[in-house]
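Quick notes on the structure that follows.
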Number of protein chains: 2
Amino acid sequence: MGCMTMSSAKINAAIDNLKSVGVRITPQRHAILEHLIQSMSHPTADEIYKALEGKFPNMSVATVYNNLRVFKEAGLVKELTYGDSSSRFDCVTTDHYHIICDSCGKIVDFHYPGLDEVESLAESVTGFDVGRHRMEIYGVCPDCKRKH
Amino acid sequence: MGCMTMSSAKINAAIDNLKSVGVRITPQRHAILEHLIQSMSHPTADEIYKALEGKFPNMSVATVYNNLRVFKEAGLVKELTYGDSSSRFDCVTTDHYHIICDSCGKIVDFHYPGLDEVESLAESVTGFDVGRHRMEIYGVCPDCKRKH
DNA sequence: TCTTACTTTATAATCGTTATAATTAGTCTA
DNA sequence: TAGACTAATTATAACGATTATAAAGTAAGA
């Protein structure tokens, strides 16, 4: 199936990326990566841990955190920190923003051309060397709107 | 001095605001509010706690957290959650964004007209009812640039 | 095979924040 | 002003996400 092939290709690309910087591919790392790519969501470390405990009954939470850090350092994964208790992790594909439901917490990807203008204005006003920015949009998702 | 007067005015306005919604003005609340307004920074709860322990040797950290919540609910204060461990608190004056130094962590206010366009596009693409957004810009501040 | 460095595991520690219960202090009414 | 009611503060414990530590396991190279 098309989706399957897509995922496999992404996983292989990610693995090649990791290998090229000298990171060993352990079964745990493979599984975490696979889950991140296939889940199409933005799971927390604990959600990943729970999702894989069937396959790896002895895996430690620390392993999940350690490897998420490894993936982050390799540029494969981004950590999303919103106000709530725990971080979420997002596979880096293309640049995009997130829109978050205030009611149910759902996170949806959302593409928007560029806010280069904002960055360059910030640069000239503050004297910073600007490198990047983050933005989240908040609102109520269609499902939650219906429920009112 | 001008600054002093400005601060006092802001504090009084904030206090009136709180009184009008039935919040008692205790010495601790007054001090926390005063510190938030006068410090011109974006302190953590612990920084506020430490800054006031001279005046209130018996004040509990819980009091700081409780009152920051009260102020947030009254719309006087915004909680800023970045990737790092603890929240920072910002007096709500006018709408503005923050630019953050990747090197030293300094947070500088930064005004930018409106990103209404982004919000409305997000609305039409995702079907959400959009309420608000947040954005932070990251870079290296002038001081840190000089030190390299 | 031996050695070395890396990984995982299990467990404990850390730290920001929140909950609890007891005490204290404001505010209102009589 | 006294008494009563409610809210706020304090001290302390609990919680939960994350990180540190040490021991055991595993892969790769000489």
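Residue numbers start from 1 in every chain, and the chains themselves are labelled A, B, ... in the order their sequence lines are given, proteins ahead of strands.
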Problem set entry | Protein-nucleotide distance (A:Lys19, atom NZ; D:dA27, atom C1'), rounded to Å | 13 Å
Seminar exercise, completed: Between CG of B:Asn67 and C1' of D:dT10 the distance, given in whole Å, is 12 Å
Exercise. Nearest to the side chain of A:Ala62 - D:dT9, D:dA17, D:dA20?
Worked result: D:dA20
For this session: May I ask you to verify if any side-chain N or O of B:Arg29 is less than 4.0 angstrom from the OP1 or OP2 atom of D:dT9?
Result: yes
Problem set entry | Neighbour count >12 (heavy atoms, 6.0 Å) for atom CG, B:Asp16 | yes
Problem set entry | Side-chain donor-acceptor contact under 3.5 Å, A:Tyr97 with A:His133 | yes
Exercise. OP1 or OP2 of C:dG16 sitting under 4.0 Å from any side-chain N/O of B:Thr44?
Worked result: no
Exercise. Among C:dT7, D:dA17, C:dT9, which is the nearest nucleotide to the side chain of A:Thr26?
Worked result: C:dT7
Exercise. Between D:dA8 atom P and B:Leu18 atom CG, what is the distance in whole Å?
Worked result: 11 Å
Exercise. Within the structure shown, what part of the strands sits under 4.0 Å from A:Asp46 by heavy-atom distance: base, sugar-phosphate, or nothing?
Worked result: nothing
Exercise. What's the CZ-P distance between A:Arg69 and D:dA20, to the nearest Å?
Worked result: 8 Å
Exercise. Do B:Arg69 and B:Glu79 meet the salt-bridge criterion of a basic N to acidic O distance under 4.0 Å?
Worked result: no
For this session: For B:Ile32 and D:dA8, give me the distance from atom CD1 to atom P, rounded to whole Å.
Result: 12 Å
For this session: Would you kindly give the OH-to-C1' distance between B:Tyr49 and D:dT12, to the nearest whole Å?
Result: 12 Å
For this session: Would you indicate, yes or no, if C:dT9 has its OP1 or OP2 atom less than 4.0 angstrom from a side-chain nitrogen or oxygen of A:Thr63?
Result: yes
Problem set entry | Separation of atom CD1 in B:Ile25 from atom P in D:dA7, rounded to whole Å | 15 Å
For this session: Taking the side chain as every heavy atom from C-beta outward, state whether B:Phe110 and A:Val118 have any atom pair closer than 4.5 Å.
Result: yes
For this session: Would you mind classifying the nucleic acid contact of A:Ser86 as base, sugar-phosphate or nothing, using non-hydrogen atoms under 4.0 angstrom?
Result: sugar-phosphate
Exercise. Under 4.0 Å between a side-chain N or O of B:Gln28 and OP1 or OP2 of C:dA25?
Worked result: no
Exercise. Relative to the 5' end of DNA chain D, which residue comes earlier, A:Phe89 or B:Val23, by the nucleotide with the nearest heavy atom?
Worked result: B:Val23
Problem set entry | Nucleotide nearest A:Asn66 when distance is taken to its side chain, options C:dT8, D:dA17, C:dG16 | C:dT8
Problem set entry | Under 4.0 angstrom between A:Tyr65 side-chain N/O and D:dT18 OP1 or OP2 | yes
Exercise. Does any donor atom in the side chain of B:Thr63 or B:Gln28 lie under 3.5 Å from an acceptor atom in the other side chain?
Worked result: no
Seminar exercise, completed: Separation of D:dA8 atom C1' from B:His30 atom NE2, nearest Å, is 17 Å
Exercise. Nearest of D:dA11, D:dA7, D:dA17 to any side-chain atom of B:Asn58?
Worked result: D:dA11
